[in-house]
Amino acid sequence: MSTGSMKELEARGLVLLGCGKMGSAMLEGWLAQGLPAGAVWVNDPHPSDWLSSTGVNLNMTLPDSPAIVLVAVKPQMMADTLPALAGFGNGNTLFLSVAAGTSIATYKAMLGDQTPIIRAMPNTPAAIARGITAICGNDLATDEHLDMAEALLTAVGQVVRLDGEHQMDAVTAVSGSGPAYVFHLIETLAAAGETQGLSAGLAMQLATATVAGAGALAEQADDDPAQLRMNVTSPGGTTAAALAVLMNEKDGFPALLTRAVAAAANRSKELANG
Ligand SMILES: NC(=O)C1=CN([C@@H]2O[C@H](COP(=O)(O)OP(=O)(O)OC[C@H]3O[C@@H](n4cnc5c(N)ncnc54)[C@H](O)[C@@H]3O)[C@@H](O)[C@H]2O)C=CC1
Ligand SMILES: O=C(O)[C@@H]1CCC=N1
């Protein structure tokens, strides 16, 4: 995190509304990067043992003017939880929300229309600083606000700035939910290995290392994923036999992932419409 952003957070405080899986993944990254626990206030009625052990200010009186309020409760909890923080609205506290499907317009209505708001869509690899977060702000979010949010989120992985909020449903469906698709790929690849006679432990080790290694190679190689796929595929060989199944336009990965990503994007839109 840049020294300026860190200083401002340390001086004014960072408030987390909700600290479950996503909030904890990010907080873990920030504490590991040197953000002092004393600069963090967490409001969460069900703190985990890990959270209680971090030394953050847990369910205590909040600072007068925190630099950032990070909103990381479930979208369905928003109407119950956000009004208590509306006192920080219309001021110089930046609201940074990671909630899927809660629009900037909804925050404006709950917090006041002069409130700087940034929507962010992170993902859980943030816990090991390998996340990717997409951000977009309202017209009151200044370049300094965007820089501060980016500095905070860069501590837990890559950050991309979106052209606008209209991209958020698709981003949520690709990278926000995406780690779950990849974990399920690992589960199902391992299960398929078991069907071929491997032990559960060996099949899981092979599947996990294969997905992790292929992901790292895709990120580091000069070749694009299509070329990397071709590099594995010998004509008339084993990979070609599997890809004939997986790349089948009718019921292979293309059709399946198109449907899955559309389902996630549609759900994101539904959440936005209450
Ligand atoms: N889990 C993920 O991979 C991602 C989640 N998100 C978003 O992050 C947000 C949180 O999701 P998760 O961390 O997965 O859910 P979670 O259920 O693990 O965390 C929600 C937290 O909110 C707390 N909470 C409940 N009532 C509260 C209250 N009245 N005041 C304060 N805190 C309260 C719960 O105790 C819990 O710790 C959601 O809006 C979701 O859309 C975004 C990107 C990825
Ligand atoms: O499942 C969800 O709604 C959240 C948003 C992206 C990942 N988890």
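Whatever order the structure lists them in is the order used to number ligands and atoms, beginning at 1. The analysis underlying the following values was restricted to heavy atoms, covering all of them including side chains, and did not include hydrogens, waters or symmetry mates.
Within the set Pro125, Pro75, Ala180, Gly20, the minimum heavy-atom distance to atom 19 (O) of ligand 1 is found for Gly20. The nearest non-hydrogen atom to atom 42 (C) of ligand 1, considering only Val98, Leu70, Leu271, Val71, comes from Val98. Considering each of Met77, Lys21, Lys74, the one bringing a non-hydrogen atom nearest atom 25 (C) of ligand 1 is Met77. Among Leu17, Val171, Asp44, Asn43, the residue whose heavy atom sits closest to atom 23 (C) of ligand 1 is Asp44.
With no hydrogens or angles considered, no side-chain donor-acceptor pair links Tyr107 and Thr115 at under 3.5 Å.
Val73 O, 2.6 Å is the protein heavy atom nearest to atom 39 (O) of ligand 1. Among all protein heavy atoms, the one lying closest to atom 33 (C) of ligand 1 is Pro45 CD, 3.3 Å. Distance from atom 20 (C) of ligand 1 to its nearest protein heavy atom, with residue and atom name: Ala72 O, 3.9 Å. At the top of the distance list for atom 7 (C) of ligand 2, counting protein heavy atoms only, stands Gly176 O, 3.4 Å. The single protein non-hydrogen atom nearest to atom 3 (O) of ligand 1 is Thr124 CG2, 3.3 Å, given as residue, atom name and distance. Regarding atom 1 (O) of ligand 2, its nearest protein heavy-atom neighbour is Ser177 OG, 4.5 Å.
Ile132 and Leu162 are members of different hydrophobic clusters when ILVMFWY side chains are connected at heavy-atom separations under 4.5 Å. Hydrophobic clustering places Val40 together with Leu9 (ILVMFWY residues linked when any side-chain heavy atoms are closer than 4.5 Å, directly or through intermediates).
Not a single heavy atom of Asp80 sits under 4.0 Å from any atom of ligand 1.
In terms of modelled atom types and a separation under 3.5 Å, the side chain of Ser24 and the main chain of Lys21 share no donor-acceptor contact. Thr154 contributes a side-chain N or O that, together with a main-chain N or O of Glu150, makes up a donor-acceptor pair within less than 3.5 Å.
Protein non-hydrogen atoms do reach within 4.0 Å of atom 5 (C) of ligand 2.
Atoms of ligand 1 found under 4.0 Å from any heavy atom of Met121 (numbered from 1 in listed order, with element): 42 (C), 43 (C). Short contacts between ligand 1 and Gly18, defined as distances under 4.0 Å to a heavy atom of the residue, involve ligand atoms 22 (O), 31 (C), 32 (N). Near Ala100, with a cut-off below 4.0 Å to any heavy atom, the atoms of ligand 2 are 5 (C).
When only interatomic distances are considered, the shortest N/O to N/O separation between Thr81 and ligand 1 does not fall below 3.5 Å. Looking at ligand 1, you'll find an N or O of Met22 within less than 3.5 Å of one of its N or O atoms. In terms of polar-atom proximity, Ala100 is counted as a contact of ligand 1, with an N or O under 3.5 Å from an N or O of the ligand.
The two atoms that bring Pro66 and Thr93 nearest to each other are O-OG1, 2.8 Å, heavy atoms only. Looking at every heavy atom in both residues, Ala264 comes nearest to Tyr181 through CB-OH, 3.7 Å. Residues Ala218 and Leu228 share a closest heavy-atom pair of CA-CD1, 3.6 Å.
The parts of Pro122 lying near ligand 1 are both backbone and side chain, judged by heavy-atom distances below 4.0 Å.
Counting heavy atoms from C-beta on, the side chains of Pro63 and Trp41 come closer than 4.5 Å. Considering only heavy atoms from C-beta on, Leu153 comes within 4.5 Å of Trp30 through its side chain.
The pair Asp169-Arg119 fails the salt-bridge criterion, with no side-chain N (NZ, NE, NH1 or NH2) lying under 4.0 Å from an Asp/Glu carboxylate O.
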* To do: Please test Lys7 against Glu10 for salt bridge (Lys or Arg N to Asp or Glu O under 4.0 Å), starting from the C-alpha separation and ending with a verdict.
  => CA-CA 5 Å; Lys7 281 222 169 84; Glu10 280 189 47; over 6 Å; no

